[in-house]
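Working notes for the structure below.
First listed ligand is number 1; within each ligand, the first listed atom is number 1.
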Amino acid sequence: MSEIYLIRHGEITQSSPRRFVGQTDLPLTDRGREQIERVALFLTGRGVGRLLCSPISRCVESAGIIGAVLGIAPEIVPDLREIALGAWEGLTVDEVRERFPGRYEARGRNLAGFRPPDGESFADVQRRAWPAFETAAVDLDEPLAIVAHGGVNRVLLCRILGMPLENLFRLEQHYACVNILREDDGEFRVATMNHWAE
Ligand SMILES: O=C(O)[C@H](O)COP(=O)(O)O
């Protein structure tokens, strides 16, 4: 049995009102870097031998900070990238409602299956992210750390918890939170969810 630390990247700049981010490449804020430095300290001494991250720069940067402290080179895993929100990326909820009437509400009724134009559904994300996660996380000899996203972490947690994707936003994922998972004989358990410190 070994532990998997599933982490969300640190804070990024968000405008107010909030805009859909998806795969848009936004950098960490200074606060986000500090949050991740605290995660690196939390992981110190826990025997983490491998560090994976999404290819999007907020995760690459977060993993770089953690890797520098732990002395591990991060490995990029393309299938851990955040959900593609296509034509909705960069828009506010009001702008989506204006440009795509009724679609924001349609998404709310079908979070698992709804795809924005040129985008993905959460079921699509689960289909690609779960095999990437599982391949890396079974039969571990030493603890593993993964830096990914709010959407990716939630679909992985839903799968482990046996929760329908329709409920995924009930799972909180703060910036720089750590979820502690345990794997035994191909079975995963969630030991701690959304652990974070300010
Ligand atoms: O807010 C969004 O549109 C995306 O889910 C971004 O999530 P992330 O900040 O965890 O990448």
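Side chain of E120 to main chain of A84: a donor-acceptor pair is present (N/O by atom type, distance under 3.5 Å, no hydrogens or angles). Between the side chain of E82 and the main chain of V152, a donor-acceptor pair closer than 3.5 Å is present. In this structure a side-chain-to-backbone donor-acceptor pair under 3.5 Å is present from R128 to D79. For the pair N167 (side chain) and R170 (backbone), a donor-acceptor distance under 3.5 Å is absent. Using modelled atom types, no side-chain atom of Q23 and backbone atom of L85 make a donor-acceptor pair closer than 3.5 Å. In terms of modelled atom types and a separation under 3.5 Å, the side chain of Q35 and the main chain of G10 share no donor-acceptor contact.
Put simply, no part of Q14 is less than 4.0 Å from ligand 1, judged by heavy atoms. Heavy-atom separations between R18 and ligand 1 include at least one value shorter than 4.0 Å. Contact between H9 and ligand 1 is present, with at least one heavy atom of the residue lying under 4.0 Å from the ligand.
With a 4.0 Å cut-off on non-hydrogen atoms, R58 touches ligand 1 through its side chain and not its backbone. Contacts with ligand 1 closer than 4.0 Å are made by side-chain heavy atoms of L85 only, the backbone lying farther away. Contacts with ligand 1 closer than 4.0 Å are made by side-chain heavy atoms of E82 only, the backbone lying farther away. In Q173, neither the side chain nor the backbone holds a heavy atom less than 4.0 Å from any atom of ligand 1.
From the protein, the heavy atom lying nearest to atom 3 (O) of ligand 1 is V21 N, 2.8 Å.
Below 30°, between 30° and 60°, or above 60°: for F114 and W88 the angle between ring planes is between 30° and 60°, a tilted geometry.
For ligand 1, the atoms sitting less than 4.0 Å from at least one non-hydrogen atom of G150 are 8 (P), 10 (O), numbered in the order shown with element in parentheses. Shown in contact with F20 at under 4.0 Å from a heavy atom are these atoms of ligand 1, numbered in order with element: 3 (O).
Among R154, H149, R8, the residue whose heavy atom lies closest to atom 9 (O) of ligand 1 is R8.
When only interatomic distances are considered, the shortest N/O to N/O separation between Y175 and ligand 1 does not fall below 3.5 Å. Considering backbone and side-chain N/O atoms, I83 never comes within less than 3.5 Å of an N/O atom of ligand 1.
Each of L171 and V178 belongs to its own hydrophobic cluster when Ile, Leu, Val, Met, Phe, Trp and Tyr are linked at side-chain heavy-atom distances under 4.5 angstrom.
Other residues, nucleotides and ligands place more than 12 heavy atoms under 6.0 Å from the CD atom of E105.
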